[in-house]
Every structure is written in C-alpha cells, then in structure tokens.
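Everything quoted here is computed from the prediction, not taken from an experiment. Numbers restart at 1 for each chain; the letters A, B, ... are given by sequence-line order, proteins then strands.
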Amino acid sequence: MSRLRLGITLVSLLAIVAIIAPLIAPYDPTVQLDLATLRNAAPSFAHPLGTDLYSRDLLSRLLYGARISLLIGLLAVAISVSVGTSVGLVAGFSGGVIDIVLMRIVDAGLAIPKIFILLVVLALWEDVTVAVLIGILGFTGWFGVSRIARAEVLSAREREYVAAARALGAGPIRLIARHILPNIAAPIIVAATLGVGQVILVEAGLSYLGVGVPPPQPSWGNIIRDGQDLIRTAPWISTTAGLAIVLTVVAFSILGDGVRELLDPRER
Amino acid sequence: MSDPTLLRVENLVKHFSVDRGMFRRPATLRAVDGVSIAVGRGETVGLVGESGSGKSTLGRCIVRLIEPDSGRIIFDGIDVLGLRGRALRAFRRRIQIVFQDPYGSLNPRMRIGPAVREPIEIHRLAPRAAADERVAQLLQEVGLDPSYARRYPHELSGGQRQRVGIARALAAEPELLVLDEPVSALDVSVQAQVLHLLRSLQERRGLTYLFIAHDLAVVRQMAARVVVMYLGKIVEEAPARAIYTDPRHPYTSSLLSAVPRPDPTAPGRRIVLTGDPPSPVTRPSGCVFHPRCPHPLKDDRCRTEVPALRKVGGSQTACHYAAEMDGIGV
Amino acid sequence: MTMLLAVRDLTTTFETADGVARAVDGVSFDLAEGETLALVGESGSGKTVTALSILRLIPEPAGRIAPGSRIEFAGRDLLSLSPRELREVRGAEIAMIFQEPMTSLNPVLTVGTQIAETVLAHEAASKREARERALDMLRLVGIADAESRLKSYPHELSGGMRQRVMIAIALVCRPRILIADEPTTALDVTIQAQILDLLTDLKRRLGMAMILITHNLGIAAGIADRVAVMYGGRIVEVAPTVDLYREPAHPYTDGLLRAAPRLDGPDRPTPSIPGSVPPATDWPSGCRFHPRCQYAWERCQSEPPLLEAGPARTARCWLVDEPARRKP
C-alpha cells in the first residue's frame with residue numbers, strides 16, 4: 001500500500017503544480033524580460049532558477065512546462081488506451097478474420113520504430129500545435145495496449161462466469177460491458193499509468209529535437225534544448241528540466257506499480 | 001403440460017478436433033457420440049461418468065453453451081437447436097445451469113446483488129423497482145441473508161458461493177436445471193447442505209434436474225434414474241434402485257466397487273479396473289469398455305461388435321453379456 | 001512400538017491481509033514405525049499445513065513455525081536442522097507426494113531422469129545404478145512397459161500414471177515415512193482405487209510408515225491404522241480406525257461420518273453440519289467447533305483439552321467428561 005500512497009502523493013503534487021502554475025509562477029513564461037541584461041542570469045532572489053538565453057524566467061517556464069507535459073501525457077494516453085482497448089476487445093471477442101487483420105496491423109505498428117514514425121509525421125506536418133502533438137502521440141501509441149487488451153479478452157472469454165452469463169441469455173454488449181471489461185481493466189489501467197510517464201519522455205525527446213512543443217511555449221524538452229549549449233556556463237537550465245522529467249517518470253512508475261499491487265486479486 | 005417428458009435428447013453427437021502438433025493431422029475427439037436421454041417433468045436424472053465420459057459436454061450442449069454436431073434436443077416440444085438470436089436468448093431462461101466451481105462461475109468484480117439481478121434484467125422478469133425485492137427473496141430462498149447482496153464473491157465461503165450460483169439460476173425462473181457437479185468442489189459437511197437445498201427447491205418449485213456427477217454415492221441421494229456414460233456413450237441407464245443393487249454393465253459395477261466406503265470393516269474391493277480409460281481420441285473398437293472390462297465372458301465379439309443399448313433386468317444396458325452379470329456384481 | 005516421529009505443540013502461523021492466521025495451532029501426535037496415520041479434515045482444518053511443517057516446506061517469511069513447536073524424527077529435532085541436514089532428510093528419510101501430480105513433476109525432464117536424480121541427490125550411486133533403480137521403481141509401482149516409460153515426459157502420461165511416477169520418485173530412496181497429501185483427489189474414482197491399492201501394497205512390502213492426508217473418510221477407512229481428525233487448526237479426535245468409525249467420540253467426527261455420502265445409505269441427502277469452517281484468522285473462542293455443535297453448552301466456552309476417550313483414543317470434547325449430555 002505504501003508504494004501506492006507514495007505514487008499518488010508524487011503525482012498529485014505534480015498535478016497541483018501544473019494546475020496552479022499561473023498562480024505561483026512569478027512571470028509569464030514566454031515573455032522576454034530584458035534581453036539586454038537578463039540573459040542566462042544565475043539564480044537570484046528575483047529569479048530562483050535564473051533566466052535563459054532569451055531572458056525568460058526559468059522557474060516560470062518549468063512550472064508551465066509541467067502543465068504541458070502532463071496535459072500531453074494524460075490526453076495522449078487517454079486516446080491510445082481508448083483506441084487500443086476497443087481494437088483489442090473487437091479482435092479478441094470476434095476472433096476469426098477480424099482478429100487476424102487487426103492484429104497484423106498492430107504487428108506492423110509495433111514493428112516500425114515509433115520515434116521514426118513520429119519524426120517523419122511531425123517533420124511533414126505544417127504547423128504543429130500541442131493538440132496535434134497529443135493526437136499524433138495518442139494515435140501512434142495504442143498498439144501495445146491493444147495487444148494487452150486482446151490477450152486479456154481471450155483469457156476472460158474462456159472464464160466460466162462468462163459461460164454462466166451466456167447461459168443466462170446475456171447478449172454480446174452485456175457480456176463485454178459487465179463481464180469482460182471490468183475483469184480486463186486492471187492490466188490496462190496499469191499500462192496506462194506507466195504509459196503517461198513514457199509519453200512525457202517521448203514528448204520531451206521530440207521537443208528536444210525541435211519537432212515537439214512549438215516555441216516559445218515552454219516544454220521540459222525544449223528547455224533542455226535551450227540550455228544544452230550553456231551546459232558549462234549555466235548548467236542549471238538543462239539539469240532542472242532534466243530532473244523534472246526524471247521525477248515525473250519515476251512518479252508515474254511508482255504509481256503504476258502501486259496500482260498493479262492494488263488491483264492484483266492475489267493481494268486479496 | 002400434456003407431455004410428461006420435458007427434455008428429450010436424440011442421438012446427440014459432438015466431436016472436437018484436437019491439434020497434435022505441426023506435422024500430424026488433427027485428431028477427432030468424440031466427446032459425445034450418439035447419446036439419447038429423456039428427462040420427465042419434475043424428475044431428477046443422474047448423469048454419471050469419469051473424466052472423458054462426455055457428461056459435461058452433454059450438459060453444455062443442452063444449455064447450448066456448446067453447439068452439437070448432430071442430433072436433436074427437444075425441450076417442451078421445441079427443437080432447441082433450431083433457435084437463433086433473440087429466440088435463443090429468450091429460450092435460455094427456461095434451462096439454467098449450475099457449475100461445479102463456485103469460484104470460477106461468479107464474476108469476481110460483480111457484487112452478489114447485481115449478479116442475482118442480472119437474469120431478471122436480461123429477461124425483464126420484474127420491473128426495476130421490484131427487482132431488488134426479488135433478489136432479496138431469492139437469496140433468502142437459498143438460505144442466505146439478503147445483506148449478502150452487497151458483498152463480493154471472494155468474501156463468501158465455497159458453500160455460500162454455490163448458493164449464489166443457484167439463486168442466480170433460479171432468478172431466471174427456469175423449468176430445468178442442469179447441475180454440473182454442483183457439490184464436488186465443496187467440503188463434505190457443506191455438500192450435504194447444498195444437496196438438501198436442491199431437494200427442497202425442487203419440491204417447492206417443481207423443478208426438473210439433470211444432475212451430472214462423478215460420485216455415485218452423491219447421485220444416489222438425488223436421482224430417481226441414473227445414466228452411466230463411458231467415452232461418450234451411454235453404457236447403462238436404469239432406475240436408481242436397480243443401478244445400485246443390480247448393475248448390469250461391468251463398468252457400472254466396477255465404478256460402484258471403486259467408491260471408498262467410510263467403513264473400515266467393509267469387505268475389500270472386489271473389482272479394481274486395470275489401466276486407464278483410453279482417451280476419447282483413440283477409442284477402442286467394438287465395445288469401448290472392452291480393454292478394461294473385468295467380465296469373465298469377454299471375447300472377440302466385444303472387440304469387434306458395438307453393443308446396442310437393450311433391456312436386461314431393470315436396466316437398459318450396452319453389454320453383450322449383461323444377462324450374465326450375476327456373480328461379478330457388487 | 002518405537003516412535004518414529006513425534007510432533008509436539010506444532011503451531012504454524014501465516015501473515016495475511018486479515019491478520020495472523022493460526023493455520024496449525026498446538027498439534028501433537030506420534031507416528032510409530034510402519035504405522036499409517038490418516039489426518040482427516042475439511043479445507044482450512046490445517047491438515048496440509050501440518051504435513052508441510054514436518055518437512056519445513058512452509059513458505060517463509062509469510063508463514064512460520066512458532067517457537068516451542070517440536071518435531072522429532074528418529075530422535076533428531078527437525079526444526080533445529082541446518083538447511084543441508086534438512087535436505088538429507090527430505091526425500092531420503094521422509095518423502096512426500098502431492099495432490100496434483102502434473103504440477104509436481106518437472107515438465108521438461110523425462111520420468112527416468114527425475115527418478116534417477118533423486119537417487120543421485122541422496123546416495124553415492126553411479127548414473128548407471130541410478131538408472132537401474134529408476135527402472136526397478138517404475139516396475140514396483142506397476143507401470144507396464146517400464147523400460148520405454150523411462151524416456152517418457154510427464155505430459156505423455158495419464159493422471160494415474162503420473163501419480164505412480166510421483167510415488168516412484170518418493171520411494172526410490174526407501175524413506176521411513178511417506179507423507180501423502182490428498183494423493184488421489186485429482187484422479188477418477190477407478191484410478192483412485194488403483195493408487196490406494198498400490199499404496200497399501202507398497203506400505204506392506206517396504207515397511208514404511210505413512211501419513212495420509214485426506215478429506216475423504218472413505219479413503220481413510222480403507223488404509224489407515226489410526227485416524228486423527230482435525231478442525232480449526234487442532235486435532236479434535238484421535239482413535240484406532242475401527243473404533244473411530246464405530247463410535248466417534250467428537251461431535252464433529254460424528255457429523256462428518258453422517259454427512260459422508262454412502263452407497264449403502266438412504267436415497268436422500270445425508271444430515272449436514274450447519275454453518276461453515278471459520279477463517280483461521282478468527283477461530284471461535286472456547287471449543288472451536290461449538291458454534292456449529294448441536295450439543296454445545298456453557299462449558300464449551302472454555303476449550304477442552306484432548307481427553308481420554310477410551311483405550312488409545314482421545315477427543316477434545318467435554319462430552320467425554322459428561323456423556324449424559326449426548327442425546328441419543
């Protein structure tokens with residue numbers, strides 16, 4: 001239970017920071033305060049984490065960055081879990097040709113390196129907004145979830161309580177909604193929780209490469225990118241954003257493990 | 001109500017295809033191989049056999065969880081196998097099944113109340129407002145406090161779960177219950193409780209039971225007529241009294257002889273069958289029982305000629321030498 | 001008779017989500033050389049945990065044998081043995097067979113290898129000798145065509161044959177005690193009869209002692225010299241088999257015997273025992289059976305000790321003291 005509690009605490013802290021970022025951030029994260037005197041300023045009382053190349057307040061950018069990272073992580077995972085679960089349910093429940101076709105598509109999706117797909121799509125996309133980024137991350141991230149969902153459906157379908165419900169006269173919609181879905185939810189929820197951290201990591205990578213969150217909007221990835229040339233003179237720029245990413249991914253991993261323990265029927 | 005026979009199974013066949021690896025053709029497993037039975041209204045018929053006998057497959061064919069390959073199932077004058085879609089779902093209400101494993105047959109994430117209410121919802125047997133009242137009645141009828149409706153299956157003991165399984169089947173207001181080993185997963189002291197419950201429900205509601213079990217001693221407490229299966233075929237069918245006192249098939253007498261008796265002074269077993277039952281994939285020629293048969297008259301005829309069910313004494317028996325069974329009985 | 005095994009005040013506890021379960025709670029019994037003792041009880045009675053405790057096979061750290069428990073085998077205290085000494089006892093002097101022969105055999109090794117390995121683990125035998133011994137054992141447990149069966153894998157065998165192989169592995173080093181935990185529960189009744197006959201025959205030929213764990217009073221009746229009935233983590237009655245079945249002293253034994261379905265009984269359901277076995281985390285106070293007992297009175301609020309109930313028999317019930325309370 002303690003792991004679950006730790007995970008919930010860390011993730012809630014992150015969420016609170018992201019939600020109240022406008023209230024606690026000392027400056028507007030995109031405003032260039034004073035290009036003449038405030039470039040790459042060291043941490044000070046007025047700017048606890050210093051400023052960046054464009055004299056923007058780094059603490060404010062970091063706080064707003066949390067907002068964007070979490071938003072992208074949660075929404076992209078919501079998309080990929082919905083799509084993946086639906087595909088897995090349809091494939092596992094109907095079987096036959098539908099199953100074969102859907103699973104070959106999934107195999108293809110899993111076979112091509114995801115970062116490659118993302119780079120190509122994002123490079124070709126005219127103007128990438130955060131919404132576009134969420135969509136692309138979500139619709140390229142469901143393959144693994146659909147595999148998990150299908151495997152769970154296949155085993156749940158053979159359970160005697162499903163046979164019992166069929167013998168009672170339950171139709172396919174009731175079978176799926178009341179008997180299969182609730183029993184396959186646990187591993188999907190765990191995968192989703194772990195997935196949020198992964199998506200945030202991918203988003204940071206893309207932003208670092210310059211194809212993710214469009215500047216001047218702050219993202220932890222492009223903060224690192226902004227700081228990489230100054231890693232000797234102003235190391236705090238890249239390292240604070242890096243630490244934020246690590247903390248977030250670890251928080252979601254701990255939460256995922258905690259949820260797994262909570263939902264494991266053997267724990268009961 | 002004119003026809004005293006509620007369920008009639010005619011020449012039912014169900015074969016499964018068994019994969020034997022990459023380089024061999026799949027084999028045919030003859031789970032049920034031409035079985036006919038009739039169950040009268042309000043009657044309890046015991047269906048007995050060991051693993052591989054096909055008794056459970058037959059039970060599942062009757063409730064249409066498994067599609068048989070051929071044969072007919074007539075329930076109250078309706079040809080069950082012809083039903084499809086909505087008509088089938090509506091029909092399912094009339095035959096319900098109680099499973100062996102009360103742990104596996106209840107959805108672990110569904111509370112008892114909704115589980116028992118489900119058949120009422122599916123078949124719209126009560127208005128929404130009255131459904132909870134109905135659930136409470138059903139739980140009471142099977143000997144559970146209505147407060148159990150709020151619990152999850154894992155919070156119940158094995159016997160209590162089986163009571164829930166029975167309440168759920170009753171909620172559909174069926175006429176026939178297929179009881180598939182309903183007590184074999186339960187402790188002895190609890191077994192008796194559930195058997196008592198099934199008996200009293202039958203009296204109160206006029207239910208018809210097909211009681212599937214491997215344990216002849218349990219079947220004896222419930223069934224008026226007993227059907228014995230071996231490798232997908234009926235080998236003997238008789239009134240319970242005749243089966244237990246004067247079995248006509250050597251398999252029946254071996255089965256009776258193998259049941260351990262809670263009596264240390266009882267004489268030892270007279271017949272111990274040698275060998276294992278052959279798998280239903282590689283079934284023997286002639287009489288399927290002949291490789292293990294202890295009958296002293298066993299001969300070439302048993303190896304080549306399939307015995308038909310025929311009347312011998314009080315039984316229908318599929319044995320060429322059923323009439324000469326005296327002396328090797330129990 | 002010399003005592004081969006003496007179990008004293010054995011208490012085995014498990015940490016569970018609902019608290020500490022006292023699965024076995026102060027169990028004492030003796031086993032004589034060559035004797036067969038049946039431990040009979042329903043699920044949750046503690047019979048399997050008792051057997052596992054003897055071989056110290058309790059999964060730690062969730063489960064543990066409480067201090068003060070003693071298990072003496074041929075004069076040695078099994079609970080104070082080092083892991084190495086313990087391995088020398090397991091399999092060689094005390095062997096065990098389990099309910100499910102499929103899961104207790106290694107699926108990727110042949111039957112012959114698995115029997116031979118047991119020999120090699122405990123004795124200074126050559127591989128060739130071990131192989132010979134494996135062959136002898138397969139013949140001894142009645143496996144036809146033993147030579148070719150040596151090369152079979154477990155999945156190629158039927159359930160009955162697998163249990164015969166398990167028995168061969170258990171007996172190859174000629175242990176002095178065989179613990180059989182529900183050895184026939186997973187088998188069909190005609191195969192069960194074969195295995196029980198085999199065990200009876202081997203016990204006589206090899207002169208070993210046996211602890212048979214079963215929930216089936218019929219099985220115990222056919223094979224045991226003495227029966228110990230367990231309920232609620234405790235032994236509630238011990239008696240020579242014939243006496244126990246003729247005149248059970250404890251109401252629980254009596255209830256079990258009445259509930260057991262019989263071929264020669266009436267053709268209606270047998271009398272049942274009301275209620276169900278309480279969880280091991282929450283045994284009732286006083287006599288653990290009293291909430292389900294038809295005779296229970298005030299005295300049952302305090303737990304009876306095992307009382308002398310006749311020659312060589314004891315029962316944990318106040319009725320032994322006050323037989324007049326037992327209604328006809």
Checklist entry - Side chain, backbone, both or neither: which part of Arg258(C) has a heavy atom under 4.5 Å from chain B? => result neither
Checklist entry - Would you call Arg199(B) and Arg268(C) a side-chain contact if the rule is heavy atoms closer than 4.5 Å? => result yes
Item to check | chain B interface, residue from Thr190(C), Leu217(C), Leu187(C) that has the most non-hydrogen pairs under 4.5 Å | outcome: Thr190(C)
Checklist outcome for this item: Asp188(C) and Glu50(B) have their tightest heavy-atom pair at CB-OE2, 2.9 Å
Next on the checklist: I'd like to know if the side chain of Ser276(C) pairs up with that of Gln160(B) as donor and acceptor (distance under 3.5 Å, no hydrogens or angles considered).
Outcome noted: no
Checklist outcome for this item: In short, Val242(C) meets Pro264(B) closest at the heavy-atom pair CA-CG, 3.8 Å
Item to check | For the student: nearest non-hydrogen atoms of Asp276(B) and Ser158(C), plus distance | outcome: OD2-OG, 2.7 Å
Next on the checklist: Rounded at 0.5 Å granularity, tell me how far CG in Asp267(C) sits from OH in Tyr244(B).
Outcome noted: 9.5 Å
Next on the checklist: Could you measure the distance from the OG atom of Ser272(C) to the CG atom of Asp187(B)? Nearest 0.5 Å is fine.
Outcome noted: 12.5 Å
Checklist entry - Can you name the nearest heavy-atom pair linking Arg220(B) to Arg262(C), along with the distance? => result CD-O, 3.6 Å
Checklist entry - Is a side-chain donor-acceptor pair under 3.5 Å present for Thr265(B) with Arg246(C)? => result no
Checklist entry - When only pairs under 4.5 Å are counted, which of Leu216(B), Val188(B), Leu186(B) shares the most heavy-atom pairs with chain C? => result Val188(B)
Checklist entry - Which region of Pro279(C), side chain (C-beta onward) or backbone (N, CA, C, O), has a non-hydrogen atom less than 4.5 Å from a non-hydrogen atom of chain B, or is it both or neither? => result neither
Checklist entry - From Leu255(B) CG over to Leu263(C) CG, what is the distance, rounded to the nearest 0.5 angstrom? => result 9.5 Å
Checklist entry - Relative to chain B, which of Gly142(C), Gly218(C), Gly275(C), Gly160(C) shows the most heavy atom pairs under 4.5 Å? => result Gly218(C)
Item to check | Atom pair CG (Leu273(B)) and CD1 (Ile191(C)), whose distance is rounded to the nearest 0.5 Å | outcome: 8.0 Å
Item to check | Glu247(C) atom CD: more than 12 heavy-atom contacts under 6.0 Å | outcome: no
Next on the checklist: For Ser157(B), which atoms come within 4.5 Å of any heavy atom of chain C: side chain, backbone, both, or neither?
Outcome noted: side chain
Checklist entry - Roughly how far, to the nearest 0.5 Å, is the CG atom of Leu256(B) from the CG atom of Asp264(C)? => result 11.5 Å
Checklist entry - What's the shortest heavy-atom distance between Gln191(B) and Pro261(C), and which atoms? => result OE1-CG, 4.1 Å
Checklist entry - Do you know which two heavy atoms are closest between Arg292(C) and Gln193(B), and how far apart they sit? => result NH2-NE2, 4.5 Å
